[in-house]
Amino acid sequence: MESKTSANFLQTIVEEDLREGRVKDVVTRFPPEPNGYLHIGHAKSISVNFGLAERFGGRCNLRFDDTNPEKESQEYIDSIQEDILWLGYRWEGEPRFASSYFGQLYAWAEHLVRESLAYVDDLSAEEARQLRGTLTEPGVNSPNRERSVEENLDLLRRMKAGEFDEGSRVLRAKIDMASPNMNLRDPILYRIRKIPHHQTGTDWVIYPTYDFAHGQEDAIEGITHSVCTLEFEDHRPLYDWFLEHLPVESRPRQYEFGRLNPSYTVTSKRKLKQLVDDALVASWDDPRMPTVSGMRRRGYRPAAINRFCEMVGTTRKDGVVDVAMLEFAVREDLNEHAPRGMCVLNPLKVVLTDYPEGQVEELRLARHPSREELGERGVPFTRELYIDADDFRAEANKKYKRLVLGKRVRLRGAYVIEARDVVTDADGNPTEVHAVVVPDTVGKDPADGVKPKGVIQWVSAEKGRRAELRLYDRLFNVEQPGRGGQDFLEDLNPDSLQVVKEAWIEPSLAAAKPEEHFQFEREGYFVADRYDHSEQAPVFNKTIGLRDTWGGS
RNA sequence: UGGGGUGUCGCCAAGCGGCAAGGCACCGGGUUUUGAUCCCGGCAUUCGCAGGUUCGAAUCCUGCCACCCCAGCCA
């Protein structure tokens, strides 16, 4: 099960820090802003942060980086916790909130003012942008840059007291307007936002920016290794600047790794939100979404997602990972864990003309081909059955290993049958196949030595149950939706959802519990829908098809 | 055209001066009451390019090239 993987660069760093005594205990954190649902990229970050702590006997905090009440909400806070727990991770103690450090952060802001390292600026956003310079030209100092400590302190306190309008003033660090690193051109520490915060209500009208908050939050919590993604690399000098100039009690270090971008999907929150808002998908947890809750509803198990995250590795390289790798992890996991069952998607009736009417044989079939401990289930066999329409042809070449007129096929776990006749509709499509049972072939080959070439699934027409099946395919048609500056919606796959209203399932399947996983033999892996499935009205979502190496037809 | 990163098989990824791991995908073959699983085998004389150092380089040096990130009072 455990495949051998060499240590990644983060593990190497931690190992060295431990060995050299730079840190005693590893403390990491997963710091989402509660402004959306977690997706596969977050799962990777969770795997990295919790995984690092786990591997070295340390701890990992969950911290909501709620420094901007504008786009945040309790709904997201709840879903994020649910998703992390579902993935199988446990954070240290209670969830933390950046907002609970607002008092300390503010005190540190005053400290910087007193040290003449921060000032209140009256420039409008537009004016500030003008003075910031460009990537190739240095910026220009704000006319307010040299205010006295007293005046700055007074202004800052009045900002906090709510005396000024939104946008009229900000607190900035006094660093270097000519720095080649844009983040060091007097970055903003506080801005005025007169809207209620989901945690602190109306206590505050000024909010710290990410830059002024993150490193200090890490320091407060005693984080040793603050791991984030590559786009924050340029922020590291600023992260360090604050820790150097503030009386913090610990010294966290920031490290960055490359984001996880699977092909054929999108992971930007903006795009995911648009898919939901424009009703292109049903919800954040639509089974086609790359969200954690979407993958859950689709039928991916946490083990598969975690395995995938490990499989792709952790490096400083940005790239696109083939979804086939995720799909492999999902199949590998489900192949081992999902009990088998039979389901007919596109029913074609078969009448066994020599089988007694009303007779029912309760066959015993293993739930899993290699895991005996999973036991057996009873499958009723009757005179009238359904097989898949694709599994019958009046005539076919020798490569076709299913039922052909005049030929034999094995009904999975049951008898070998031989097709004798076919009834067709006006268009010549088969509507009913008449066949006979080859005697004494349950668990045995035919006595006459004429072995069938193939095996197909079937469901008793009398005892089987109807079920709704939701078949999902990739949400996008191209590897990198929107690549080349085009609208990513242009790349949507119009056939990503297909609903089969009346599939037939073997009776025991109706009793499945929501979120129970199965392999419908020869069709793929399915999961009983988390919300819509019931014994009375079974609903299954197709997680993923079986690997199919059959070339022709 | 400033700064910061990254370039090893179609994709991911080991490798850190001694002569290219592994996984996914793909292609063969075997087993099989799932055209699944499983099992065997194949798949980079070459490491973005060009020079240089060295007995010896993907690994060191120099110079190019390509791609990604940064000019939110977002994170």
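Order of the sequence lines fixes the chain letters, A, B, ..., with proteins taken first and strands second; residue numbering starts at 1 for each chain.
Here the nucleotide nearest the side chain of A:D322, chosen from B:A71, B:A36, B:G10, is B:G10. The side chain of A:K401 sits closest to B:G35 out of B:G35, B:C70, B:A36. Checking B:G2, B:G4, B:G35 against the side-chain heavy atoms of A:T549 singles out B:G35 as nearest.
Under the Watson-Crick and G-U wobble criteria, each requiring two contacts below 3.5 Å, nucleotide B:A66 is paired to B:U6. Summarising the base pairing, B:C74 is matched to no nucleotide, lacking a Watson-Crick or G-U wobble pair whose two defining distances lie under 3.5 Å.
A donor-acceptor contact under 3.5 angstrom links the side-chain atoms of A:R402 to the base of B:G35. For A:D548 against B:G35, a side-chain-to-base donor-acceptor contact under 3.5 Å is absent. Taking 3.5 Å as the limit, the base of B:U37 and the side chain of A:R331 contain no donor-acceptor pair of atoms between them.
Residue-level contact check: A:R340 touches the bases, meaning some heavy atom is under 4.0 Å from a base atom. A:R132 comes within 4.0 angstrom of the backbone, heavy atoms only, and of no base. Here A:L238 lies out of heavy-atom contact (under 4.0 Å) with every strand. Base contact: A:G413 has a heavy atom under 4.0 Å from a base atom. When heavy atoms are screened at a 4.0 angstrom cut-off, A:T441 is found touching base atoms of the nucleic acid. Counting any heavy atom pair closer than 4.0 Å across all strands shown, A:P138 reaches no nucleic acid atom. Nucleic acid contact for A:T209: sugar-phosphate only, since backbone atoms but no base atoms lie under 4.0 Å from a heavy atom of the residue. At a threshold of 4.0 angstrom between heavy atoms, the contacts of A:H214 with the nucleic acid are absent.
A close approach under 4.0 Å does occur between a side-chain nitrogen or oxygen of A:K317 and OP1 or OP2 of B:U8. In terms of phosphate contacts, A:R371 brings no side-chain nitrogen or oxygen within less than 4.0 Å of OP1 or OP2 of B:C38. Look at A:R316 and you'll find a side-chain N or O under 4.0 angstrom from OP1 or OP2 of B:U6. OP1 or OP2 of B:C74 lies within a sub-4.0 Å distance of a side-chain N or O belonging to A:R193. Contact annotation: A:T67 side-chain N/O to B:A75 OP1/OP2 distance is under 4.0 Å.
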Taking only nitrogen or oxygen atoms into account, show me every contact under 3.5 Å that the protein makes with nucleotides 28-31 of chain B, one pair per line with its distance.
none

Find every protein N or O atom lying less than 3.5 Å from an N or O atom of nucleotides 64-68 of chain B, and list the pairs.
none

Between N or O atoms, less than 3.5 Å apart, protein on one side and nucleotides 14-18 of chain B on the other: list the pairs.
| from | atom 1 | to | atom 2 | distance (Å) |
| --- | --- | --- | --- | --- |
| B:A14 | O2' | A:S6 | OG | 3.4 |

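Checked against ring pair (Phe, Tyr, Trp, His ring centres under 6.0 Å), A:H42 has the following partners two or more places apart in sequence or in another chain: A:H39.
Summary of the strand contacts: A:A324 and A:I188 both lie near RNA chain B, and taking for each the nucleotide with the nearest heavy atom, the more 5' one is attributed to A:A324. Annotation: of the two residues near RNA chain B, A:G313 and A:E126, the 5′-most nearest-nucleotide partner is A:G313.
A:E332 places its CD atom 11 Å from the P atom of B:C39, with the value rounded to the nearest Å. A:E327 places its CD atom 16 Å from the P atom of B:C12, with the value rounded to the nearest Å.
A heavy atom closer than 4.0 Å to some atom of RNA chain B occurs in A:Q519, A:E521, A:R522, these being the qualifying members of residues 518-527 of chain A. A heavy atom lying under 4.0 Å from RNA chain B marks the following residues of residues 443-459 of chain A, by number: A:G443, A:K444, A:V455.
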